[in-house]
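Chain identifiers are assigned alphabetically (A, B, ...) following the order of the sequence lines, protein sequences preceding nucleic acid strands; residue numbering begins at 1 within each chain. Being a predicted model, the structure only gives us computed values, none of them experimental.
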Amino acid sequence: MIKAPRGTRDLLPPDTALWNFVEAAVRDVFRAYNFQEIRTPIFESTELFARGVGEETDIVAKEMFTWEDRGRAESDKGQSLTLRPENTAGVVRAYIEHKLWDRGLNKLFYIGPQFRRERPQKGRFRQFYQIGAEVIGPASAGSESPARDAEILELLATLLDRLGIAGWTLELNSIGTPEDRVKFNDALRQALEPVTAQMCSDCQRRAITNPLRVFDCKVPEDQPIIEKLPRISQFLGESSRAHFAEVQEILKTVGVPFTLNDRLVRGLDYYTRTAFEFTHGALGAQNAILGGGRYDGLSEALGGPAAPGIGFAIGEDRLVMSMTESADSVARKPDVYIAPLGAGMNREAARLARELRRHDLVVDLGDESFRLKKSFEAADKMGARYILIVGENEVKAGAFALKHLASGEQNTIARGELAHRILQP
RNA sequence: GUGGGAAUAGCUCAACUGGCAGAGCACCGGACUGUGGCUCCGGCGGUUGCGGGUUCGAUUCCCGUUUCCCACCCCA
């Protein structure tokens with residue numbers, strides 16, 4: 001039997017109803033904040049991710065689905081393409097390619113699949129779905145303002161609350177400008193030098209390759225050492241410090257709770273200043289439900305003009321997992337199930353179904369070969385509100401037996417009255 | 001990529017130290033000719049993930065492999 005490839009899965013009904021419910025709510029919230037949708041290709045030049053996300057990141061170094069395209073001619077080498085492992089780089093590429101700075105501040109959102117060649121576990125898939133947004137534009141359009149950071153965070157709090165996700169935590173940090181980070185990195189390396197030997201093997205490796213990641217260490221024995229290391233907050237320049245303070249002030253003003261976490265670092269190279277993560281307890285080790293931050297230098301790194309930006313990506317799979325809403329409760333059930341009874345009744349049923357559907361009713365129907373009992377069982381199973389019996393007697397009389405399944409109340413209703421009657425709750 | 005656990009009917013799970021592969025739910029039919037849910041009766045459903053090995057005999061033991069789960073790495 002051919003199965004879905006490792007780390008991929010089918011989303012089946014009724015789960016798809018829950019996904020659509022989430023996406024509809026998301027679109028609704030984005031609309032309120034004047035975000036507009038963007039759709040970028042599902043694969044891009046490998047170079048985009050190498051330059052945008054960073055050669056040294058795990059994502060680029062070992063988690064991409066990459067292949068060599070064929071050239072136009074036999075002799076052409078063809079270019080290296082990659083299934084997108086995230087969507088920010090693609091959006092910024094589109095920003096540059098279509099000169100979107102002419103539109104001032106761009107507030108864009110996307111919903112779609114991303115691909116990473118990781119080992120699957122709970123809440124982690126090789127094809128997973130992200131809901132994300134990017135606010136990007138020239139600084140003159142206000143793209144750099146702490147008001148944008150706060151707006152994004154407030155939007156996210158609104159969205160999670162709206163979806164009924166209880167118990168989320170917003171963790172917030174500023175990782176400064178690249179210049180701030182250079183100073184911090186130097187200090188960190190200096191502080192680590194004498195103590196590295198006492199730390200776990202992972203930390204010894206991190207101390208050399210990416211000292212920031214030492215803060216991710218979960219080994220208990222290392223914690224006292226880590227506690228004494230310098231923090232990024234001590235190295236923030238005046239502008240980063242003021243920017244971060246204002247973000248916090250706005251959040252307090254609008255009443256979005258957050259906790260400062262100066263050990264929060266982001267894995268992608270393009271992040272600057274504000275960095276954040278929303279976590280949820282019900283997700284096991286993959287407790288990050290969404291993450292994001294500022295990327296003021298990304299556009300330039302991709303060969304575009306200066307275009308500060310901030311964005312986030314929600315793991316839709318994880319978001320759905322942390323919801324308490326059941327898929328069944330959000331699925332729209334048929335208003336009426338039509339039961340044709342006896343030879344020739346499929347035609348009458350089809351005519352009635354067409355009429356009722358024009359009134360925006362959800363209509364399903366059986367088959368004239370079904371015994372009535374079977375039609376009732378089918379109507380019950382799909383959760384229909386009414387069953388409408390279409391037999392010879394009804395057609396002759398021009399009035400039909402309409403039964404409310406929950407109450408058992410049954411009436412004979414004239415054809416012209418049916419839609420009106422069913423529309424009532 | 002590293003370490004550990006698991007895989008038996010559509011789903012959730014049984015099957016003693018190796019001895020005829022089962023239950024509940026679901027599905028189909030009947031009891032009940034045009035009236036459902038409840039009940040009762042019957043039926044369908046399996047290469048025990050896949051491939052090898054040991055054995056008279058393997059769901060059970062061994063090896064390999066695939067997938068899932070848990071953790072690490074990292075991230076959404």
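- A distance of about 32 Å separates the P atoms of B:A14 and B:G29, rounded to the whole Å.
- Atom name P, nucleotides B:G52 and B:A58: the rounded distance is 13 Å, in whole Å.
- Side-chain atoms of A:Arg116 never come within 3.5 Å of backbone atoms of A:Glu86 as a donor-acceptor pair (strictly under, hydrogens ignored).
- At a threshold of 4.0 angstrom between heavy atoms, the contacts of A:Ala379 with the nucleic acid are absent.
- Using a 4.0 Å heavy-atom criterion, one finds that A:Gln114 contacts no nucleic acid atom at all.
- Of the N and O atoms on the side chains of A:Asp328 and A:Ser326, not one donor lies less than 3.5 Å from an acceptor on the other residue.
- The interatomic distance linking A:Met321 (CE) with B:C70 (C1') rounds to 14 Å, in whole Å.
- Of the nucleotides present, B:C13 is the one that pairs with B:G22 by Watson-Crick or G-U wobble criteria, both distances under 3.5 Å.
- Taking the side chain of A:Leu372 as heavy atoms from C-beta on, and the options B:G34, B:U2, B:A76, the nearest nucleotide is B:G34.
- Nucleic acid contact for A:Leu341: base, since at least one base atom lies under 4.0 Å from a heavy atom of the residue.
- The same atom, C1', is picked in B:G30 and in B:G18; the two are 42 Å apart, to the nearest Å.
- Applying the salt bridge (Lys or Arg N to Asp or Glu O under 4.0 Å) test between A:Asp317 and each of A:Arg126, A:Arg124, A:Arg9, A:Lys122 identifies A:Arg9 as the sole match.
- Side chains of A:Thr177 and A:Glu179: a donor-acceptor N/O pair is present below 3.5 angstrom, by distance only.
- Position along RNA chain B of the nearest nucleotide to A:Leu290 versus A:Glu392 favours A:Glu392 as the more 5'-ward residue.
- Between A:Phe278 and A:Trp168, the ring planes lie tilted relative to each other; the angle falls in the 30° to 60° range.
- Here A:Arg117 reaches the OP1 or OP2 of B:G1: one of its side-chain N or O atoms lies under 4.0 Å away.
- Taking 4.0 angstrom as the limit, A:Arg6 places a side-chain polar atom (N or O) nearer than this to OP1 or OP2 of B:C68.
- The nearest whole Å value for the distance from the CD atom in A:Gln410 to the P atom in B:G34 is 14 Å.
- Between the side chain of A:Glu394 and the base of B:G34, a donor-acceptor pair under 3.5 Å is found.
- Considering only the side chain of A:Lys3, B:U67 comes nearest among B:U2, B:G36, B:U67.
- Under the Watson-Crick or G-U wobble criterion, with both distances below 3.5 Å, B:C72 is paired with B:G1.
- Rounded to whole Å, the separation between the C1' atoms of B:U54 and B:C11 comes to 35 Å.
- B:G34 makes up no base pair with any nucleotide shown, lacking Watson-Crick or G-U wobble contacts both under 3.5 Å.
- No side-chain donor from either of A:Asp161 and A:Thr158 sits under 3.5 Å from a side-chain acceptor of the other.
- Qualifying side-chain contact (heavy atoms from CB on, under 4.5 Å) partners for A:Arg231, counting only residues two or more places apart in sequence or in other chains: A:Phe215, A:Glu227, A:Ser233, A:Gln234, A:Asp262, A:Arg263.
- Atom C1' of nucleotide B:C11 and atom CG of A:Asp10 are separated by 16 Å, given to the nearest angstrom.
- For B:C70, the base has no donor-acceptor partner in the side chain of A:Arg124 [N/O atoms by modelled type, under 3.5 angstrom].
- In this entry the distance linking CE of A:Met64 with P of B:C74 reads 18 Å, nearest Å.
- Counting non-hydrogen atoms under 4.0 angstrom, A:Ile389 reaches a base of the nucleic acid.
- Counting only N and O atoms by type, the side chains of A:His404 and A:Ser407 include a donor and acceptor under 3.5 Å apart.
- Using P as the reference atom, B:G45 and B:G10 are 11 Å apart when rounded to the nearest Å.
- Side-chain atoms of A:Arg116 stay outside donor-acceptor range of the base of B:C75, with no qualifying N/O pair under 3.5 Å.
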N/O contacts under 3.5 Å, protein versus nucleotides 37-42 of chain B?
unit_1: B:G37; atom_1: N1; unit_2: A:Leu405; atom_2: O; d: 3.4
unit_1: B:G37; atom_1: N2; unit_2: A:Leu405; atom_2: O; d: 3.4

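- Computed from coordinates, the A:Glu118 CD to B:A71 C1' distance equals 14 Å when rounded to whole Å.
- Heavy atoms of A:Phe125 sit under 4.0 angstrom from at least one base atom.
- Nucleotide B:U60 forms no Watson-Crick or G-U wobble pair with any nucleotide shown, as no partner meets the under 3.5 Å limit on both distances.
- Using a 4.0 Å cut-off, some side-chain N or O of A:Gln121 falls inside it from OP1 or OP2 of B:A71.
- Distance check on atom P: B:C75 versus B:C13 gives 34 Å, rounded to whole Å.
- Spacing between B:G3 and B:U8 at atom P, rounded to whole Å, works out to 25 Å.
- For the OP1/OP2 pair of B:U35 and a distance below 4.0 Å, the side-chain nitrogens and oxygens of A:Lys374 include no atom meeting the criterion.
- For the pair A:Lys62 NZ and B:C75 P, the interatomic distance rounds to 10 Å; values are reported in whole Å.
- Counting only N and O atoms by type, the side chains of A:Glu134 and A:Thr88 include a donor and acceptor under 3.5 Å apart.
- The residues A:Arg273 and A:Asp149 are annotated as not salt-bridged, no charged nitrogen and carboxylate oxygen being separated by less than 4.0 angstrom.
- Distances shorter than 4.0 Å separate some side-chain N or O of A:Lys381 from OP1 or OP2 on B:C28.
- Taking atom CZ of A:Arg119 as the reference point, atom P of B:G4 lies 10 Å away to the nearest angstrom.
- B:U67 and B:A6 make up a base pair, with Watson-Crick or G-U wobble contacts both under 3.5 Å.
- In terms of phosphate contacts, A:Arg371 brings a side-chain nitrogen or oxygen within less than 4.0 Å of OP1 or OP2 of B:G30.
- Comparing B:C44 with B:A23, their P atoms are spaced 12 Å from each other, to the whole Å.
- If you take CZ of A:Phe370 and C1' of B:U33, they are 18 Å apart, rounded to a whole angstrom.
- When atom types are taken as modelled, the side chain of A:Arg357 and the backbone of A:Val363 share a donor-acceptor pair closer than 3.5 angstrom.
- The partner of B:C27 is B:G43, by the rule that a Watson-Crick or G-U pair needs both atom distances under 3.5 Å.
- A:Glu277 comes within contact range of no nucleotide atom at all, as no heavy-atom separation falls under 4.0 Å.
- A:Gly7 comes within contact range of the sugar-phosphate backbone alone, with a heavy-atom separation under 4.0 Å but no base atom that close.
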